[in-house]
Amino acid sequence: MWEILSTYWPHILAVITVVTSTVAGAHAVMTKDEVRAAIGWVGVIILSPIVGPLLYAIAGVNRIRRASILAQRPGHGMAAADFHVEDEVVGTHFGRRFLALKTLGDRVARHPLTTGNRIETLETGDAAYAAMLAAIAAAERSIILESYIFDRDPLGLRIADALIEAHRRGVAVRVLIDAVGARYSVPSIAGHLREGGVAVDVFNGNIIVGLRLPYANLRTHRKIIVVDGTVGFMGGMNIREGFTREFAGDAFAHDTHFRVEGPVVADLFAVAAEDWCFATGEALAGPAWEIPALARGGMPVLARAVPTGPDSYLETNHKLLIGALSVARHSVRIMSPYFLPDQELISALITAARRGVDIDIVVPSVNNLVLVDRAMTAQFDQILKNYCRIWRSTGAFDHSKLLAIDGSWAYVGSSNLDPRSLRLNFEIDLEVLDHGFARAIERRIETVMATATPVTLAGLRARPYVMRLIDRLIWLGSPYL
C-alpha cells in the first residue's frame, strides 16, 4: 500500500482535487441565489485546490435546516383567527401603498399582521431592564429568554438571579444564549443559571468538520423575552451593564427596546420556542406554555413579528425593507449603529431620494466596532452624492435599530443594516403600522439629529488618501465584519 501511495500520490492527489472541486463547485452553483456569491466561491474552489473546497465546506455551506414547530405550539392559529388584519382596514386607514406593503409581508414573512397590540418604547437600559425584572418577578407559569449576549456582570447576575428565583417558585424557565455571545463573559452566565436549576443552552455551538467551534457566522442575534405568553420584550438590547446609567454612569451606551402585549406576543414566543427546540430538541408544550385567549379592543396597534435568518426565511427583513422604501413618499428616517447596506438597499434608498423623499440616516460618531465604522465610512460617498443625508450622532454610542417611513410605518428590532444581519444572523423585528408609533420613532431619531454632525462629501474627500484607501480595503471584508 505504501509503495502504491508513494508512486502514485500525485495522481491520487489530482483525482481528489478534481472530485472535491467538482462537488464543491457544483454545490455552490446550485445553492447560491446571488450570482456574485456563486462566482466568488467557484473562483476560490478552482484557484485553491484542496484548500478552496475545504474553506467552502466550513464557511460556504449553510447547514441550518430547521423544521418548523409552529404547528406544535399550543394556541397556534389563535391570533390569525381573531386578530388577523383585513386588507380593507389597511387600505382605508393607510392607503393602497401600505396595503401593497402588507401583501408583501403576508407573502415573505411567516406571521400575519395582527391588530389588538400595545407597544411601549423603553429608551434606556435602566428602563428596559427594570421592566424585564418586574415582568420576571410577576411570572406565574413560564419565561423564555433568548439573547445574543447575556453578560455575567452585576446587571446580568441580577437578571439571572431573578430567573433562578422564578424557577424556584415553580415557573418554567428556559434561557437560550448564542454560542458566540455567551463567550463575551468568562466565565459564562450559563454556569450560574445552571447552578440555580435553570434550563439553559447555547445556540449553534455545534461541531464543524471535527472542530469544536461554534458556527461563528450563523448567530442568533435575537433578543426576546416572553412571560406567561402575555408580555413580551424585544428590540436591540443585549443584557449588559454598559447600557445602564446605574452601572456605567453618564457615559452609558444608548439603545431602544420594546415591551409588547397582544397577539404578536404569541408569535414572538413561537420564534423563541422554535430556536429552543432547534438547540435542545425540547418542544415547549403543556399548561405552562399555553397562550391564553385575548379579548379584542383597547389596543389597536397593527404589528407583525418578522423573524429572519439563514434558513427558509433568508433575507425576509431585506425584502420588507426594499418594499417599504419603494412605497415611501415623504420621509425615511433610519438609525443604525452598523450601516453597511448592500447594493440593492443602496439603490432603493437613492431611488427614493431621487423621487423627492427625504432620506436621513443616523449613525454613531463613536462606534464600538472600529472596523465596521471604517467600512461604513467607505460607503458614505455613494449615498451622499445621491440626495441622501447622513448624520453622526454626538455623545455616547447608540445601539438602536430604528426605521420609520412617512409617519405611518415603522420597523424596529434586532436587525442592523449590514450584511451580517441581512444574511447571516437570526434576527427578530417588528413591522408596525401605526401613525402614533411611527411618529414617535421619527421624533426619537429627529431628537438625535438635532445635535448630530452632518457628514459631507467635502469632509469625506478631505481625508488623507491613504486613510480612504484603508477604509475601502476594510470595506472589502464587510460581509464578515
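Hydrogens, waters and symmetry mates are skipped; everything else that's a heavy atom, side chains included, is used. Not measured: the values here are computed from a predicted model.
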Worksheet item: What's the shortest heavy-atom distance between Y338 and M376, and which atoms?
Response: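 Heavy atoms only, the tightest pair is CA-SD, 3.8 Å.
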
Ignoring hydrogens and angles, state whether a donor on the side chain of [X] or [Y] is under 3.5 Å from an acceptor on the partner side chain.
X    : Y    : answer
R219 : N204 : no
R444 : T256 : yes
S393 : D398 : no
W276 : E146 : no
D151 : S185 : yes

Item to complete: Report the residues that fulfil side chain to side chain donor-acceptor pair (under 3.5 Å) with D381, sequence neighbours left out, ordered by chain and then residue number.
Response: none

Short N-O contact, [X] and [Y], less than 4.0 angstrom:
X    : Y    : value
R304 : D267 : no
E246 : R158 : yes
R174 : D275 : no

Worksheet item: F98 vs F94 aromatic rings, parallel, tilted or perpendicular, using cut-offs 30° and 60°?
Response: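 It falls in the perpendicular class, over 60°.
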
Worksheet entry | Under 3.5 Å: donor-acceptor pair, side chain of N367, backbone of P337 |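 Yes, the answer is positive, given that a donor and an acceptor are paired below the 3.5 Å cut-off.
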
